[in-house]
Asker: 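Take a look at the following structure, please.
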Amino acid sequence: MSEMGKIVGAFTASHSPGITAWPDRIDQRQRVAVYSAYEEARRRIEELQPDAVVAVSVEHFTNFHLGNLPAFAVATGDSYLGPVTPEMGQFLNVEQHQYPGHAGLATHLYEFALEQEFDPTLVEGGLAFDENFCVPLKLLDPESRYPLVPVIVNGVNPPWPTPKRCYNFGQMIRRAVEAQSAAQRVVVLGTGGLSHRVGTPEAGQINTDFDRDFLERLESGDADRLIDYQREEIDAAGNGAHEIRTWLVAAGAAGTPFEVLTYEPVPEWLTGTSVAAARM
Amino acid sequence: MYSLHKLLWDIRRDQSVEASYKTNPDVVLDEYGIDGDWRGWMKGLDFKSMYEHGINPYLLYFCALQLEVDRAAYYAQIRGEKEG
């Protein structure tokens with residue numbers, strides 16, 4: 001009998017377009033800190049030799065719109081196009097290509113979620129990536145070797161799923177992985193955040209107090225504190241800060257404290273930029 | 001509000017909608033059934049008013065870029081730094 005699956009690592013990272021699009025525009029000290037952290041995460045993921053990566057992010061109205069906006073979605077395709085257009089590829093400095101999917105694990109995750117009374121939307125095909133996955137994966141899996149199970153969380157339009165629900169969704173992902181054997185070594189990657197603002201008058205403001213407090217909670221491993229956010233508290237860090245939900249999903253899947261590999265408020269990227277790894 | 005959200009999304013996603021809107025916005029606004037203040041704000045690319053009346057800022061910003069509104073001009077307008 002095959003060994004059952006296991007989550008062998010969990011990582012979280014920002015996905016600001018500037019990370020791949022204009023790395024040279026930022027302060028050299030910050031550049032070294034940020035890219036060293038992504039490289040450390042890439043190295044650790046490679047060492048873990050994952051059979052699949054459950055990649056959790058928001059999507060920025062690339063696939064969904066306000067006529068169809070799931071709180072959670074699980075994609076079960078064999079492959080995914082990213083970036084969605086050649087123009088976006090040029091903008092992000094990411095060559096447009098197909099990313100491999102792990103349809104077996106993804107289908108199991110979708111079915112398991114329903115059995116566990118979570119009700120994600122099914123995306124059997126056609127999901128395309130924007131900066132959500134293309135930016136961090138260029139640094140974490142530059143050859144697109146790891147088969148992906150994309151999970152989308154609404155982080156772009158209120159109302160959003162609660163922080164508790166996101167954490168619990170991550171716990172469900174862990175149980176799902178442990179209840180199958182198609183992918184034995186699984187890494188979870190959450191991307192987005194931290195504080196930033198898109199399209200609003202306050203764009204460019206980075207809320208370092210919010211970011212540092214969030215990362216301290218993440219490092220503590222105290223789930224109750226990690227999910228103890230009201231909407232207004234996250235609003236204070238910008239509409240883009242609601243993407244921390246992807247980190248909460250990853251934290252729920254890991255069930256352990258995290259190590260923050262870097263945190264830099266990068267004004268040129270308009271984003272509190274961070275990379276973290278679960279202490280597993 | 002949904003019709004306007006849909007138009008903003010379609011302009012970004014569908015080159016034919018974008019081209020039609022640039023050529024003859026009234027025809028497209030009619031097709032989407034957008035009237036009243038919303039129509040005036042959209043036709044005038046008054047992103048500030050649309051934002052203040054609840055339109056999603058991601059969709060506003062992406063649509064503005066698609067319509068070749070300069071990024072700095074978008075933010076200046078939405079901050080009320082100059083007339084849109």
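These values consider heavy atoms only, across backbone and side chains, with no hydrogens, waters or symmetry-generated copies. Throughout, protein chains are lettered first and strands after them, A, B, ... in sequence-line order, and every chain is numbered starting at 1.
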Asker: I want to check a possible cation-pi pair here: A:Arg217 against A:Tyr229, using under 6.0 Å from ring centre and within 45° of the ring axis as the test.
Answerer: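 Judged by the rule, A:Arg217 and A:Tyr229 form a cation-pi pair.
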Asker: Cation-pi check for A:Phe169 against A:Arg245: NZ or CZ below 6.0 Å from the six-membered ring centre and within 45 degrees of the axis, yes or no?
Answerer: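 Here A:Arg245 fails the 6.0 Å and 45° test against A:Phe169.
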Asker: Which answer fits A:Phe91, side chain, backbone, both or neither, if we ask what part of it has an atom under 4.5 Å from a heavy atom of chain B?
Answerer: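 For A:Phe91, no heavy atom lies under 4.5 Å from chain B.
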Asker: For A:Tyr80 together with A:Tyr99, are the ring centres under 6.0 Å from each other?
Answerer: no
Asker: Is the distance between the ring centroids of A:Phe118 and A:Phe72 under 6.0 Å?
Answerer: no
Asker: Give the member of A:Val156, A:Asn239, A:Asn157 that has the highest number of heavy-atom pairs under 4.5 Å with chain B.
Answerer: A:Val156
Asker: Do A:His60 and A:His15 have ring centroids that are under 6.0 Å from one another?
Answerer: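 A:His15 vs A:His60: aromatic centres under 6.0 Å.
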Asker: Please state whether the side chain, the backbone, both or neither of B:Ile78 comes within less than 4.5 Å of a heavy atom of chain A.
Answerer: both
Asker: Between B:Arg12, B:Lys6, B:Met1, which has the largest tally of heavy atom pairs under 4.5 Å with chain A?
Answerer: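 Option with the top pair count is B:Arg12.
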Asker: Given that the side chain runs from C-beta out, which part of B:Phe47 has a heavy atom under 4.5 Å from chain A: side chain, backbone, both or neither?
Answerer: neither
Asker: Identify which part of A:Thr62 has an atom lying under 4.5 Å from any heavy atom of chain B, answering side chain, backbone, both or neither.
Answerer: both
Asker: Side chain, backbone, both or neither: which part of A:Asn68 has a non-hydrogen atom closer than 4.5 Å to chain B?
Answerer: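 For A:Asn68, no heavy atom lies under 4.5 Å from chain B.
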Asker: When the aromatic ring centroids of A:Trp269 and A:His196 are compared, is their separation below 6.0 Å?
Answerer: no
